[in-house]
Amino acid sequence: MTTQDQLSAWVREFARQVTEHRDELTALDSAIGDADHGANMARGMGAVVEALDANPPATAGALFKQVGMTLVSKVGGASGPLYGTLFLRFGTAAGEVTELEAAGFAKAFRAGLEGVVARGRPEAGDKTMYDALAPALDALDESLDGGASLGDALRAASAAADAGRDATIPMLARKGRASYLGERSVGHQDPGATSVALLVAAAAATLG
Amino acid sequence: MTTQDQLSAWVREFARQVTEHRDELTALDSAIGDADHGANMARGMGAVVEALDANPPATAGALFKQVGMTLVSKVGGASGPLYGTLFLRFGTAAGEVTELEAAGFAKAFRAGLEGVVARGRPEAGDKTMYDALAPALDALDESLDGGASLGDALRAASAAADAGRDATIPMLARKGRASYLGERSVGHQDPGATSVALLVAAAAATLG
Amino acid sequence: MKKLINDPADVVVEALRGMAAAHPGLRVDLENRVVFRGDAPVQGKVGLVSGGGSGHEPMHGGFVGRGMLDAACAGEVFTSPVPDQMVVATEGVDGGAGVLHIVKNYTGDVMNFDMAAELTTAKTGVEVQAVVVDDDVAVQDSLYTAGRRGVGTTVLLEKIVGAAAEQGRSLAEVAGVARKVNERGRSMGMALTSCTVPAAGRPTFDLPDDEMEIGIGIHGEPGRRRVPIAPAKEIAEMLVEPILADADFTSEPVICFVNGMGASPLLELYLMYGEVATLLERAGVRIARSLVGPYITSLDMAGCSVTLLRADDDLLGLWDAPVDTPGLRWGA
Amino acid sequence: MKKLINDPADVVVEALRGMAAAHPGLRVDLENRVVFRGDAPVQGKVGLVSGGGSGHEPMHGGFVGRGMLDAACAGEVFTSPVPDQMVVATEGVDGGAGVLHIVKNYTGDVMNFDMAAELTTAKTGVEVQAVVVDDDVAVQDSLYTAGRRGVGTTVLLEKIVGAAAEQGRSLAEVAGVARKVNERGRSMGMALTSCTVPAAGRPTFDLPDDEMEIGIGIHGEPGRRRVPIAPAKEIAEMLVEPILADADFTSEPVICFVNGMGASPLLELYLMYGEVATLLERAGVRIARSLVGPYITSLDMAGCSVTLLRADDDLLGLWDAPVDTPGLRWGA
Ligand SMILES: Nc1ncnc2c1ncn2[C@@H]1O[C@H](COP(=O)(O)OP(=O)(O)O)[C@@H](O)[C@H]1O
Ligand SMILES: Nc1ncnc2c1ncn2[C@@H]1O[C@H](COP(=O)(O)OP(=O)(O)O)[C@@H](O)[C@H]1O
Ligand SMILES: [Mg+2]
Ligand SMILES: [Mg+2]
Ligand SMILES: [Mg+2]
Ligand SMILES: [Mg+2]
């Protein structure tokens with residue numbers, strides 16, 4: 001069971017983490033992209049926190065829609081629509097509630113993943129954020145199905161996201177800018193998968 | 001007494017030396033100018049040697065006028081007109097002869113110096129080629145007046161040119177590009193004075 | 001990082017402020033970071049909106065004006081603008097004849113422009129069409145890439161399509177011209193140095209003094225391959241050959257565009273143009289028009305790209321038509 | 001050295017070859033390295049000849065065309081052209097109304113143009129006048145210097161004087177306009193990096209990553225002082241203050257020109273223009289016209305310069321008159 005406060009704390013913790021890892025994200029994006037993923041995520045999540053402070057949403061649905069709208073209108077690039085859609089769909093699926101059961105949380109998060117797939121059409125192995133997000137949600141569902149607490153399930157999801165992130169290293173990119181590099185994309189960790197791992201780690205640190 | 005062949009050898013030796021010292025001249029001009037004195041002199045003297053090969057002049061006058069004309073039409077910048085005028089006046093003063101007595105040589109060379117003064121209006125201490133050329137010609141005259149051979153007198157002139165060149169180091173430039181630097185020109189050797197020292201050294205190596 | 005900037009976070013808006021001051025004929029919405037033609041919307045004319053990440057100046061803001069774009073949205077450096085900006089731009093240029101979005105083929109640009117088109121149409125009923133430019137032969141257009149990047153052809157396209165819109169052609173016709181230009185244009189680029197994204201503070205990639213990148217785009221991304229530096233003659237071959245291998249340029253006259261990446265001086269670009277022209281002549285390609293200069297840049301990257309556009313009488317006429325923008329101006 | 005060149009010795013002629021190919025409306029004498037208007041000599045019009053070392057493109061060759069120069073002589077990189085070139089140019093543009101030489105104040109340029117004027121007049125009787133541009137406030141104009149350098153004002157002068165000649169004004173009048181522009185123009189420049197002369201192969205000066213040069217000219221010469229790098233706002237102050245201290249610019253409208261040194265992208269130049277415009281407004285200077293871009297460059301140097309020209313109605317009218325050159329084009 002997660003409360004509205006915990007959900008906000010998750011969002012804030014994600015903001016803190018992307019800011020802390022800003023340079024790392026940019027360095028990863030320098031190697032196989034255009035060196036802006038750190039700036040994009042830090043700018044977007046900075047605006048999200050500002051909006052949260054100015055106008056704390058009352059429900060989970062409102063919270064995540066606000067996060068999603070803010071990202072769509074502040075980030076740009078690929079990550080703006082992708083993360084924006086993730087949170088918008090998350091919010092719609094969560095609904096106008098102030099608490100989320102573990103199963104409801106997992107369902108909403110998966111709706112977010114489906115939003116990412118609808119927008120960017122990533123497939124497993126394309127070397128994108130999908131490759132961290134999909135395994136994380138599979139682990140979350142599996143743990144919860146096995147009777148784990150949300151906290152334990154999120155820790156398993158975070159480990160899966162990290163593993164998914166690491167698994168992007170040997171992949172040959174087939175989506176996004178890294179795909180332009182062909183073989184040269186091999187050997188580099190995907191920036192979007194890295195920021196997704198932070199998102200799931202932030203959830204494990206704040207929820208359940 | 002210098003023969004036409006010796007005079008040509010002087011010109012060729014000067015060409016060899018500026019080519020050899022091309023990078024040094026450019027490095028000096030980088031510090032207080034625009035990094036082209038080496039290229040300018042090497043291009044000009046390269047053209048001079050080509051013209052000499054194609055069309056060997058019969059007299060001292062013709063030789064030095066050809067050198068001067070070639071420099072004027074191939075070098076540009078400050079050194080083109082200055083060196084060009086030096087050789088043009090040298091040639092005019094030398095006249096249509098095939099041999100030059102020591103005194104005649106010194107007189108012609110001084111006419112060249114006067115040409116430089118007429119063109120560029122340098123004064124002693126301005127940190128220009130004048131500061132190597134004027135002491136060299138003074139030493140030449142003085143040695144010849146004291147009864148020295150042309151060879152010995154040219155060696156004295158070369159020493160004086162070297163000393164004059166070195167003396168430009170502490171000078172504050174008042175002519176040419178180096179003057180734009182104000183105080184920052186102090187501590188650097190003048191490129192034009194350096195190429196003049198090569199000219200006199202080449203004379204000492206080939207004449208008399 | 002050595003740049004003429006203040007806080008890296010403010011680069012885009014401060015540059016737009018300078019543009020606004022320098023070009024009183026434009027209307028610059030600093031809040032939304034949109035550069036408008038001073039007289040937008042032009043009634044009865046198809047509105048042309050483009051935009052993309054900043055760092056490619058004069059593209060796109062410098063191509064706003066009579067005979068070219070009606071509005072350009074400026075994103076953060078190398079980051080596609082957001083849908084809100086595009087909605088403001090689209091509404092601001094709608095003169096009743098519909099609006100064409102000119103989008104370079106990058107995942108982010110395409111997604112954001114898609115969202116903007118949906119939003120505008122839902123909100124206002126303005127008819128919006130989009131054309132996606134994808135002309136970079138360095139990238140294979142396959143299931144295994146995000147498709148070809150939009151690079152140099154974008155400049156030629158915005159000029160030509162701008163003239164078509166200015167003539168009063170319909171949205172369908174204008175979009176048709178845009179697609180035709182895109183189909184007929186091909187580009188290839190190279191970098192001598194990396195660029196430095198202001199917010200990143202260091203060069204995007206390290207490139208040794210004796211190496212260069214071939215097949216780069218316009219976002220400081222590394223290219224397809226790294227090779228030893230070479231004389232201009234050979235660089236010209238490395239750029240022209242893949243273009244000629246990709247499409248036929250001998251059947252009609254071409255517009256030949258040698259573009260500077262931002263830090264390569266005009267002296268070198270003209271020298272490159274000479275090499276390119278020689279190669280094209282040898283290959284039986286007839287150059288009808290040319291453009292040489294830094295028009296679609298990558299911040300402070302040194303390097304260049306070559307774009308060839310197979311033209312016809314209509315395209316040449318549109319190219320020659322008057323244009324009055326900060327970046328391209330003739331006949332006006 | 002990373003450049004788009006072949007043999008460094010061939011840079012100038014190969015770049016001219018590219019210019020000739022790209023601009024069929026010009027006539028380029030490759031042998032003498034002179035760029036002519038295609039229709040030179042224009043009968044009855046004062047001929048305008050300029051020139052100087054190469055490496056400042058588009059100046060001067062890019063300013064040849066209707067409404068601006070009749071011919072430009074290209075010297076080696078940073079080396080004044082030789083008198084022979086200037087003689088060819090002067091004879092080639094003489095339409096019976098005399099010829100004006102526009103000379104930047106450098107010892108070499110002045111001496112070579114002097115020799116050329118003597119030679120032409122002796123040979124052909126063409127009436128030649130010269131105007132020497134010396135507008136760089138970084139240099140003190142005193143007995144202890146070679147006088148002020150000719151920098152940014154040269155661009156504005158060539159445009160304005162070109163329009164005056166195009167109107168059919170006499171040699172004396174055209175020369176008068178040139179002197180007036182020179183008297184009213186002031187410039188100041190700075191460098192973030194050195195440039196690299198192709199024949200030298202390495203940067204002219206070493207500049208640490210955290211320092212810049214203030215008071216540079218256009219030949220890669222070090223400036224008056226070296227200071228820590230600073231935000232654009234402060235750089236703008238370092239450039240604008242000495243200009244305003246040197247001459248009054250509040251009494252009449254000014255033309256404000258922010259110039260790029262070759263490797264600074266337009267994004268940064270517009271940002272600088274915004275800063276300069278703010279400072280001028282605060283100082284009570286009214287900007288009537290502006291120009292932003294790399295027009296008088298120093299090879300691949302990063303940096304910029306600011307030029308202010310105090311205008312009047314005549315000068316503004318001449319500025320606005322049509323011009324049709326590769327580097328500046330409007331109304332044509
Ligand atoms: N089609 C796609 N589907 C899913 N994720 C994608 C797609 N394209 C790119 N991404 C993700 O976006 C990340 C890059 O984001 P960012 O650098 O902010 O945007 P941009 O690529 O526009 O500069 C990549 O590392 C990748 O994880
Ligand atoms: N007015 C002058 N009188 C005498 N010599 C001068 C004068 N101006 C410059 N010089 C000499 O010319 C040299 C520079 O020559 P060079 O670099 O070839 O030409 P530029 O200065 O045009 O680049 C200086 O080092 C100096 O010795
Ligand atoms: Mg990126
Ligand atoms: Mg020099
Ligand atoms: Mg980006
Ligand atoms: Mg020089």
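Proteins come first, then strands; the chains are lettered A, B, ... in the order of their sequence lines, and each starts at number 1. Bear in mind that the values here come from a model prediction, so they are computed numbers and not experimental data.
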Using a cut-off of 6.0 Å, state whether more than 12 heavy atoms not belonging to Arg202(D) lie near its atom CZ.
no
State whether the number of non-hydrogen atoms from other residues, nucleotides or ligands found under 6.0 Å of Asp206(C) atom CG is greater than 12.
no
Greatest number of non-hydrogen atom pairs under 4.5 angstrom with chain D, of Pro322(C), Gly262(C), Gly293(C), falls to Gly262(C)
Are Asn6(C) and Glu275(D) linked by a side-chain donor-acceptor pair shorter than 3.5 Å?
yes
Given a strict heavy-atom distance threshold of 4.5 Å, which part of Leu280(D) is in contact with chain C: side chain, backbone, both, or neither?
neither
side-chain contact (heavy atoms from CB on, under 4.5 Å) assessment of Leu4(D) paired with Cys304(C)
CA-CA 9 Å; Leu4(D) 302 165; Cys304(C) 67; 3.9 Å; yes
Side chain, backbone, both or neither: which part of Leu192(D) has an atom under 4.5 Å from a heavy atom of chain C?
both
So, taking the atom named CG in Leu271(C) and the one named CD in Glu57(D), what distance separates them when rounded to the nearest 0.5 Å?
10.5 Å
Looking at Met272(D), Lys3(D), Met261(D), Lys233(D), which makes the most heavy-atom pairs under 4.5 Å with chain C?
Lys3(D)
When you compare the side chain of Pro326(C) with that of Tyr270(D), does any pair of heavy atoms fall below 4.5 Å?
yes
Taking C-beta and beyond as the side chain, do Pro231(D) and Ile5(C) meet within less than 4.5 Å on heavy atoms?
no
Of the backbone (N, CA, C, O) and the side chain (C-beta and beyond), which part of Pro294(D) lies under 4.5 Å from a heavy atom of chain C, both, or neither?
neither
Under 4.5 Å to a heavy atom of chain C? For Glu211(D) that would be backbone
Set out, in order, the CA-CA distance, both residues' side-chain angles and the distance that settles ring-ring contact (aromatic ring centres under 6.0 Å, His included) for His23(C) and Tyr273(D), then state yes or no.
CA-CA 11 Å; His23(C) 302 288; Tyr273(D) 182 82; 8.1 Å; no
Quick check on Thr278(D) against chain C: is it the side chain, the backbone, both or neither that has a heavy atom closer than 4.5 Å?
side chain
side-chain contact (heavy atoms from CB on, under 4.5 Å) assessment of Leu207(D) paired with Lys2(C):
CA-CA 11 Å; Leu207(D) 197 48; Lys2(C) 288 186 147 180; 3.6 Å; yes
Heavy-atom cut-off 4.5 Å, strictly under: side chain, backbone, both or neither for Ile235(D) against chain C?
side chain
If one checks every heavy atom of Ala302(D) against chain C at 4.5 Å, the contacting part turns out to be neither
Could you check if a side-chain atom of Arg329(D) sits within less than 4.5 angstrom of a side-chain atom of Arg329(C), using non-hydrogen atoms only?
no
Minimum side-chain heavy-atom gap Leu267(C)-Val11(D) below 4.5 Å
yes
Could you look at Met301(D) and say if it's the side chain, the backbone, both or neither that has a heavy atom under 4.5 Å from chain C?
neither
Using a cut-off of under 4.5 Å on heavy-atom pairs, state which of Gly274(D), Pro265(D), Ser54(D) scores highest against chain C.
Pro265(D)
For residues Ser290(D) and Ala22(C), report the shortest heavy-atom separation together with the two atoms involved.
OG-O, 3.0 Å
Select, from Arg17(C), Met212(C), Glu234(C), His56(C), the one with the greatest count of heavy-atom pairs under 4.5 Å involving chain D.
Arg17(C)
Heavy-atom distance under 4.5 Å to chain C: side chain of Val258(D), backbone, both or neither?
neither
